[in-house]
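The structure appears below as structure tokens.
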Amino acid sequence: MTSSSPPSSTSPPASRRAPGERVPLSVLDLVPVSSGHDVAEALEDTMRLARMADELGYRRFWLAEHHNSDTFASSATALLIERVASATNNVRVGSGGIMLPNHAPLAVAEQFGTLATLHPGRIDLGLGRAPGTDPRTAHALRRGASSIDSFPQDVRQLAAYLAPAGPGQGPVRAIPGQGTQVPLWLLGSSTASAELAGRLGLPFAFASHFAPFQLNEALAVYRRTFDPSGPLASVTEPTVMVGVNVVVADDQQRAEELFTTVQQMFLRLATGAPAPLDPPMPDLRARLDAEQAAAVDAPLQVSFVGTPDVVRQGLDEFVDRTGADELLVVTYAHDPAQRRRSFELLADAWGLTGANSAA
């Protein structure tokens with residue numbers, strides 16, 4: 001089984017890749033907690049996955065901020081990034097993302113300035129404008145001092161803290177942080193975030209692994225509005241990374257069975273009953289009514305599930321259709337060993353050649 005978003009009405013730009021060259025693959029991890037396991041085990045499983053991704057040649061290992069969740073343990077994102085960066089050698093490590101409305105820009109600049117100082121050339125800072133949690137938890141995190149409405153201003157302020165010293169800077173500085181120029185990415189799942197990324201001149205990562213509904217439109221808006229001389233411009237041409245759900249196994253039926261853990265997770269989210277990851281349920285589809293099936297299928301449109309050959313072909317077609325410059329791979333499995341195996345099979349199928357391919 002493979003699935004993806006419908007074909008775009010706007011043709012993607014001409015490929016910047018050589019014939020036969022595939023786009024880089026990166027990992028997005030949320031430190032999922034499986035039923036029957038605790039948070040300490042989930043954190044250790046993330047470290048195992050990060051070390052393996054580093055060895056296999058994935059380009060980035062990003063961690064996503066979530067709070068007050070029984071499913072994910074990635075709340076202290078900067079601390080996890082430090083742990084992963086210290087345990088790896090080549091892979092870029094960063095946030096996918098830091099939910100900026102939860103934090104003062106100065107605090108983020110200091111944290112990521114410290115990370116960039118400790119790990120030069122290996123830290124990314126992806127920024128999102130959703131809270132990554134429920135409204136009450138968001139209020140407890142920031143106590144109403146900011147909101148998504150101030151996101152564009154907060155991004156600019158954060159970038160200013162990370163910029164080199166210069167005339168006109170105010171008395172407040174990020175130390176460490178000033179001059180580190182940590183690479184910024186904007187994350188989003190809408191045309192609004194795409195337009196902001198384009199006008200600022202920043203690379204853009206689209207969250208189609210859970211919110212694929214505006215994928216085609218958002219990429220078109222980003223490319224149309226991209227300004228290489230924008231106020232925060234860090235790339236010279238539109239640069240897009242796209243989130244994809246992937247489960248690879250040696251056998252097609254086994255891969256589809258493993259994917260039922262993902263489907264159950266989205267069903268729980270849709271019904272307001274989040275919980276640690278459930279074991280696979282081979283007969284899940286037969287248990288779902290039409291409304292439940294829609295709640296599972298709609299957010300998981302950009303999913304590639306199957307044998308290495310099936311998934312590779314699906315991802316190749318998806319890259320051609322969207323013009324993605326990089327894929328951000330999300331894989332959930334109740335058994336962490338199966339998750340690592342999926343990333344291992346994908347790396348082999350995609351032709352990753354170890355640490356050198358992460359450069």
Side-chain angles (χ1 to χ4, degrees), residues 1-29 53 56-60 62 64 96 126 185 187-191 193-194 197 203-223 237-249 252 255-256 258-259 262-263 266 296-332 339 342-352 357:
M1 179 189 92
T2 65
S3 60
S4 64
S5 60
S8 173
S9 58
T10 303
S11 299
S15 174
R16 300 196 291 266
R17 292 172 282 135
E21 181 185 4
R22 288 192 168 93
V23 302
L25 297 182
S26 294
V27 178
L28 179 64
D29 184 61
L56 292 174
Y58 285 87
R59 172 169 285 187
R60 308 176 204 274
W62 280 9
W185 287 73
L187 282 57
S189 58
S190 69
T191 56
S193 54
F204 180 55
F206 190 87
S208 45
H209 57 290
F210 72 90
F213 312 108
Q214 294 190 44
L215 171 62
N216 298 328
E217 296 85 351
L219 297 190
V221 167
Y222 171 66
R223 291 171 176 137
E237 53 191 346
T239 302
V240 170
M241 181 157 46
V242 181
V244 292
N245 295 293
V246 173
V247 175
V248 190
Q252 182 72 30
E256 294 180 8
L258 292 172
F259 190 62
V262 187
Q263 294 170 316
F266 275 80
V296 167
D297 293 340
L300 290 173
Q301 294 175 45
V302 182
S303 297
F304 303 86
V305 180
T307 64
D309 287 344
V310 166
V311 171
R312 182 185 63 242
Q313 180 179 347
L315 290 175
D316 276 335
E317 293 171 354
F318 180 75
V319 169
D320 289 342
R321 187 162 62 250
T322 61
D325 300 296
E326 189 170 337
L327 296 178
L328 189 60
V329 179
V330 186
T331 298
Y332 300 104
R339 184 165 75 130
S342 179
F343 277 107
E344 185 178 34
L345 291 170
L346 176 61
D348 184 61
W350 203 248
L352 299 187
S357 66

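Within the 4.5 Å cutoff, the side chain of Trp350 has heavy atoms near those of the Asp316 side chain. At a threshold of 4.5 Å between non-hydrogen side-chain atoms, the residues Val319 and Arg22 do not count as touching. In this structure, the side chains of Thr322 and Val240 stay at 4.5 Å or more apart for every pair of heavy atoms. Leu187 has its side chain within reach of Trp62: a pair of non-hydrogen atoms, C-beta onward, lies under 4.5 Å apart. Proximity of Val23 to Asp325: side-chain heavy atoms (C-beta onward) are nowhere separated by under 4.5 Å. At least one side-chain heavy atom of Glu326 sits under 4.5 Å from a side-chain heavy atom of Ser26. Within the 4.5 Å cutoff, side-chain heavy atoms of Leu300 are placed close to those of Gln263. Side-chain contact check for Phe204 versus Ser193: some heavy-atom pair is nearer than 4.5 Å.
Side-chain atoms of Thr331 come within 3.5 Å of backbone atoms of Val246 as a donor-acceptor pair (strictly under, hydrogens ignored). Judged by distance alone, with hydrogens and angles left aside, the side-chain atoms of Tyr332 form no donor-acceptor pair with the main-chain N or O of Leu258 at under 3.5 Å.
Residues satisfying the side chain to side chain contact (heavy atoms under 4.5 Å, CB included) criterion with Gln313, sequence neighbours excluded, are Glu317. Applying the side-chain hydrogen bond (donor to acceptor under 3.5 Å, both in side chains) rule to Asp29 yields the partners Thr46, Arg339; only residues at least two apart in sequence or on another chain are considered. Among residues two or more places apart in sequence or in another chain, the side chain to side chain contact (heavy atoms under 4.5 Å, CB included) test is passed with Ala211 by Ser189.
Checked options Val27, Val242, Leu28, Val244; the residue passing with Leu328 is Leu28 (criterion: side-chain contact (heavy atoms from CB on, under 4.5 Å)).
Across all non-hydrogen atoms, the minimal contact from Val310 to Val305 is CG1-O, 4.1 Å.
With ring centers used as reference points, Phe343 lies under 6.0 Å from Tyr58.
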Can Glu344 and Asp348 be said to form a side-chain contact (heavy atoms from CB on, under 4.5 Å), step by step? CA-CA 6 Å; Glu344 185 178 34; Asp348 184 61; over 6 Å; no
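Separation of atoms CG (Leu345) and OG1 (Thr307) is listed at 9.5 Å; rounding is to 0.5 Å. In this structure, CG in Asp309 is found 10.5 Å from CD in Gln252, a value given to the nearest 0.5 Å. Separation of atoms CG (Leu215) and OG1 (Thr191) is listed at 12.0 Å; rounding is to 0.5 Å.
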